[in-house]
Amino acid sequence: MGRVLGEEQHVLLVRDPVSGSVITLNYRRPTSQERVAYQMSAFRLEGNERRFCLGETRLKFGLEILTGFGAGDFLVPEDGGPEPLDPGRHPDWKARLTEHAPDLVSYLAQQVFEGLRLATSEEKEWG
């Protein structure tokens, strides 16, 4: 299926290396200004030194475009057992993901901002 132009919400499926399950990350399309800011913030000048900040950049912009996730994809300890993390019940859901799943948020940003790939003539679909 082709890309639906003008669609604002998108989904990225990621195999979580910690749980082994497939996590659904919902995100919005970044603006042109965000794309430029992402590229510009990968390096920072501190004094006369150029500092590589790609990890921080990926996490920051991943959080900005992340709009949600699949039901039950993240669990938090509550009431004596694991309960699904729910943005409706947990307003700090992004802070929790920042602390406990920064790898997945950073991967989202990497794929969205940097992840274009070329298909070879033998590939009809990505597997």
Side-chain angles (χ1 to χ4, degrees):
M1 179 170 138
R3 179 189 291 199
V4 178
L5 298 179
E7 201 169 72
E8 292 297 318
Q9 291 296 314
H10 305 280
V11 174
L12 178 69
L13 302 176
V14 180
R15 181 156 311 274
D16 178 20
V18 175
S19 69
S21 63
V22 174
I23 303 289
T24 301
L25 299 176
N26 303 317
Y27 66 97
R28 65 171 176 77
R29 184 173 36 91
T31 65
S32 296
Q33 294 87 351
E34 286 172 322
R35 289 187 181 280
V36 170
Y38 181 90
Q39 295 298 323
M40 298 296 292
S41 64
F43 291 94
R44 185 177 309 136
L45 286 176
E46 292 182 357
N48 291 334
E49 300 280 322
R50 194 169 156 182
R51 184 169 168 246
F52 188 57
C53 306
L54 190 54
E56 297 165 19
T57 297
R58 285 177 177 162
L59 183 57
K60 175 186 175 204
F61 283 87
L63 287 168
E64 286 184 18
I65 64 171
L66 183 65
T67 59
F69 45 85
D73 281 350
F74 296 100
L75 304 174
V76 293
E78 275 187 13
D79 300 326
E83 296 288 328
L85 181 63
D86 178 2
R89 285 189 17 230
H90 303 100
D92 64 339
W93 66 275
K94 284 191 178 184
R96 291 180 187 224
L97 293 181
T98 298
E99 183 176 349
H100 301 289
D103 55 330
L104 296 176
V105 176
S106 296
Y107 184 74
L108 169 67
Q110 179 186 22
Q111 292 303 300
V112 173
F113 288 93
E114 307 167 37
L116 296 178
R117 300 183 339 188
L118 297 176
T120 64
S121 60
E122 294 86 35
E123 293 175 304
K124 298 208 185 237
E125 292 183 24
W126 294 105

Exercise. Side chains of Arg3 and Leu5: does their closest heavy-atom pair fall under 4.5 Å?
Worked result: yes

Exercise. Looking at CG of Leu25 and CG of Leu12, how far apart are the two atoms once the value is rounded to the nearest 0.5 Å?
Worked result: 5.5 Å

For this session: Not counting sequence neighbours, which residues clear side chain to side chain contact (heavy atoms under 4.5 Å, CB included) with Leu75? List them please.
Result: Pro82, Pro84

Problem set entry | Sequence neighbours excluded - salt bridge (Lys or Arg N to Asp or Glu O under 4.0 Å) pairs with any residue from residues 66-79 | Glu78-Arg89

Exercise. Between Pro30 and Val112, what is the shortest heavy-atom contact and its length?
Worked result: CG-CG1, 3.6 Å

Problem set entry | Partner set under side chain to side chain donor-acceptor pair (under 3.5 Å) for Tyr27, not counting sequence neighbours | none

Seminar exercise, completed: Contacts of Glu114 meeting side chain to side chain donor-acceptor pair (under 3.5 Å) (sequence neighbours excluded), chain-then-number -> Tyr38, Arg58

For this session: With the side chain counted from C-beta on, respond yes when Phe74 and Trp93 share a heavy-atom pair under 4.5 Å apart, and no when they do not.
Result: no

Exercise. Residues two or more places apart in sequence or in another chain: which of them pass side chain to side chain donor-acceptor pair (under 3.5 Å) with Thr24?
Worked result: none

Problem set entry | Of all pairs that satisfy salt bridge (Lys or Arg N to Asp or Glu O under 4.0 Å), the ones with a partner from residues 12-33, not counting sequence neighbours | Glu8-Arg29, Arg28-Glu34

Exercise. Roughly how far, to the nearest 0.5 Å, is CG of Leu59 from CD of Glu64?
Worked result: 10.5 Å

Problem set entry | Distance (rounded to the nearest 0.5 Å) between Lys60 NZ and Ile65 CD1 | 12.5 Å

For this session: Using the rule that two of Ile, Leu, Val, Met, Phe, Trp, Tyr join whenever any of their side-chain heavy atoms come within less than 4.5 Å, decide whether Phe52 and Phe61 are in one cluster.
Result: yes

Problem set entry | Results of side chain to side chain donor-acceptor pair (under 3.5 Å) for Asp92 - residues two or more places apart only | Arg96

Problem set entry | Donor-acceptor under 3.5 Å (Ser41 side chain, Thr57 main chain) | no

Could you tabulate the donor-acceptor pairs under 3.5 Å formed by side-chain atoms of residues 43-50, not counting sequence neighbours?
residue: Arg44; atom: NH2; partner: Glu56; partner atom: OE1; Å: 3.4
residue: Glu46; atom: OE2; partner: Arg51; partner atom: NH1; Å: 3.3

Return all side-chain donor-acceptor pairs below 3.5 angstrom for residues 97-109, not counting sequence neighbours, or 'none' if the list is empty.
residue: Thr98; atom: OG1; partner: Lys94; partner atom: O; Å: 2.8
residue: Ser106; atom: OG; partner: Pro102; partner atom: O; Å: 2.9

Exercise. Does Val11 sit in a hydrophobic cluster with other residues, and if so which ones, taking ILVMFWY side chains as linked at heavy-atom separations under 4.5 Å, directly or through other members?
Worked result: Leu13, Val22

